[in-house]
Amino acid sequence: MRDASLVVVASRLPINDAAASEGVFEWRRSPGGLGEALHPVLINKPATWIGWADKPGPTPPLPDVDGVHLIPVELSEDDIRDHYEGFANSTLWPLYHDAVEPAVHHRRWWEAYQRVNQRYADRTAQVAAHGAVVWVQDYHLQLVPAMLRAQRPDLRIGFFLHVPFPPPELFMQLPRRAELLRGMLGADLIGFQRIQAVHNFQQLVAKVLGANVDERGIELDGRVTSTGAFPVSIDTAEMEALASRDEVVHQAAKLRADLGDPQRVILSVDRLDYTKGIEHRLKAYRELLADGRLKVPETVLVQVAIPGRERVEQYRQLRDRVEREVGRINGDFGRLGVAAVHYISQVFDRTELAALYRAADVMAVTPLRDGMNLVAKEYVAARVDGCGALLLSEFAGAAAELTQAYLVNPHDVEGLKDTLVEALAADPSEPSPQMATMRAQVRAHDIQAWARSYLTALEAACAGR
């Protein structure tokens, strides 16, 4: 049946893993996640989302969630292991993040990647209305645009890569580099977070495929594909409204009291991933305590590490290392009833997250590499009081927009320490012009502006074909 005129195709459906007892599903809104980004764009609009329901095997029909029609794609245990955990997250993910961890290559993973991408393309071809807009999301599904176009040339196909796209010398390591590039070029428009990623992609298709690249786009086999940079953002108005609620303000005050009313609170909210720089950040904090430049209980660090991909060995090892380091810091510098690091490994709801943002004097967002990092933008939006300081890695996509942040190279531990101390020295009760500038930026470039920009460019790309 072909009944959907706007179709989002993503690795996972944007719903919580478990239904409520009465069978009501809720939209998954984890910090920085794809569901969080697209929720305000799709809510209560006639749209369909195709993805995996997060459990192996058949999935029963799902109800609409916030007006969005959900269509599950069935994955087996082998698909999950070899496509999701294997090629997507053990081959592509590390390579796209500057090989922070070595990429692993297995031929069966590539076979699974092809098989699963074809399944997504087939399902989309079944439900998309004639001439529909299909928006394919992220690195898990790079083959889908070309596979889908082969079946449904009437569709207007967009592809958006939320993670960084690597420099040519890294991408060239992939044994199946040509196939991945051809898969993406099945789209009418390929969107990236930063202009450098666009340049990287253009260089690669010219080198690997012999494509012609000019002001019209990328021409290959008689088709032209457009490219562009579209930095993803957040629902700024929603976060501002949430952070302004009396209950959130009171909860923020209670959080500080529960932490022992320290002079300064440092907050980090990350998915537990080796690209997020958590270990570098903990090392810098421990050395500052050891040097006496920071003291407990005057300063505390709250590290929220949202679990994920725990079946992948690299992530299990990271969790163990992080938990050992937190224990070491608290053992060396904490005291009875007073922790130097408050480590929390769980997902917070939106209200709790807003309260954490309001409670933090310094938000430390220091990934080694990140496509964007929406947590940085959420913190800025939540600081409706104009206070607070953002410590931001220059290797996060957000650094290109939030230039008034305390920018750091997270690989430089000494520089990270010095800049953290500088951020902590700012008066936490005094609104700053730096925060005012960043708040204006996230207001003017919110998630709705991002979606309009991308979809308008997609329409223009299709009109010119």
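Computation of the quantities below employed the complete heavy-atom set of this structure, encompassing side-chain atoms and omitting hydrogens, waters and symmetry-equivalent molecules.
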- Could you tell me whether Glu325 and Arg328 have a side-chain N and a carboxylate O separated by less than 4.0 Å? yes
- Message: Closer than 3.5 angstrom, by distance alone: can the side chain of Arg439 be matched with the main-chain N or O of Val380 as a donor-acceptor pair?
- Response: yes
- Message: Is any side-chain heavy atom of Val362 closer than 4.5 Å to one of Tyr406?
- Response: no
- With Ile278 as partner, the option from Asp270, Val326, Thr366 fulfilling side chain to side chain contact (heavy atoms under 4.5 Å, CB included) is Asp270
- Query: Do Arg119 and Asp79 sit within salt-bridge range, that is, some charged N less than 4.0 Å from a carboxylate O?
  - Reply: yes
- Charged N to carboxylate O below 4.0 Å: is that the case for Asp361 and Arg256? yes
- Task: Could you walk me through whether Lys417 and Asp291 pass salt bridge (Lys or Arg N to Asp or Glu O under 4.0 Å), step by step?
- Result: CA-CA 11 Å; Lys417 289 160 58 178; Asp291 296 344; 3.2 Å; yes
- Query: Is the shortest side-chain N to carboxylate O distance from Lys295 to Glu298 below 4.0 Å?
  - Reply: no
- Which pair of heavy atoms, one from Tyr454 and one from Leu189, lies closest together, and at what distance? OH-O, 3.0 Å
- Item | Trace of the ring-ring contact (aromatic ring centres under 6.0 Å, His included) decision for Phe192 with Phe230 | CA-CA 6 Å; Phe192 300 91; Phe230 305 89; 9.2 Å; no
- Item | Exam field: side chain Ser90 to backbone Glu85, donor-acceptor pair closer than 3.5 Å | yes
- Message: Would the distance check show the side chain of Arg293 and the main-chain N or O of Leu288 forming a donor-acceptor pair, the cut-off being under 3.5 Å?
- Response: no
- Item | Donor-acceptor contact below 3.5 Å, side chain Gln251 vs main chain Glu352 | no
- Would you say the side-chain atoms of Tyr357 pair up with the backbone N or O of Arg383, donor to acceptor, closer than 3.5 Å? no
- Message: Given 3.5 Å as the limit, does a donor-acceptor pair link the side chain of Arg264 with the main chain of Leu424, or not?
- Response: yes
- Query: Do Tyr315 and Asp273 have side-chain N/O donor and acceptor atoms under 3.5 Å apart?
  - Reply: yes
- Message: Which label fits Trp52 and Tyr84: parallel for a plane angle under 30°, tilted from 30 to 60°, or perpendicular past 60°?
- Response: tilted
Would you be so kind as to tabulate the donor-acceptor pairs closer than 3.5 Å made by side chains of residues 201-208, with sequence neighbours excluded?
from: Gln202; atom 1: NE2; to: Thr227; atom 2: OG1; distance (Å): 3.3

- Task: Return yes if some donor-acceptor pair links the side-chain N/O of Thr225 with the main-chain N/O of Ala187 below 3.5 Å, else return no.
- Result: yes
- Shortest non-hydrogen contact from Pro94 toward Tyr274: CB-OH, 3.4 Å
- Item | Plane angle bin for His162 and Phe160 - parallel if under 30°, tilted between 30 and 60°, otherwise perpendicular | perpendicular
- Query: Stepwise, does the side chain to side chain contact (heavy atoms under 4.5 Å, CB included) test hold for Glu378 with Val442?
  - Reply: CA-CA 9 Å; Glu378 286 189 339; Val442 297; over 6 Å; no
- Task: Show your reasoning for whether side chain to side chain contact (heavy atoms under 4.5 Å, CB included) applies to Met363 and Val269.
- Result: CA-CA 8 Å; Met363 184 80 203; Val269 178; 4.0 Å; yes
- Begin with the C-alpha distance, continue with both residues' side-chain angles, and end with the deciding distance and a verdict on salt bridge (Lys or Arg N to Asp or Glu O under 4.0 Å) for Asp258 and Lys254. CA-CA 6 Å; Asp258 291 344; Lys254 183 178 184 303; 3.0 Å; yes
- Item | Shortest non-hydrogen contact from Pro145 toward Phe159 | CG-CD1, 3.9 Å
- Side-chain donor-acceptor pair under 3.5 Å between Arg281 and Gln303, yes or no? yes
- Show your working on ring-ring contact (aromatic ring centres under 6.0 Å, His included) between His140 and Tyr120 and close with a plain yes or no. CA-CA 11 Å; His140 315 81; Tyr120 277 81; 9.1 Å; no
- Task: Check Ala449 against Asp446 and note the closest heavy-atom contact, atom names and distance.
- Result: N-OD1, 2.9 Å
- Item | Backbone N/O of Val296 and side chain of Arg335: donor-acceptor pair under 3.5 Å | yes
- Task: Determine, step by step, whether Glu111 and Arg108 satisfy the salt bridge (Lys or Arg N to Asp or Glu O under 4.0 Å) criterion, reporting the C-alpha distance in whole Å, the side-chain angles of both residues, the deciding distance to 0.1 Å, and the verdict.
- Result: CA-CA 5 Å; Glu111 293 166 0; Arg108 76 172 188 277; over 6 Å; no
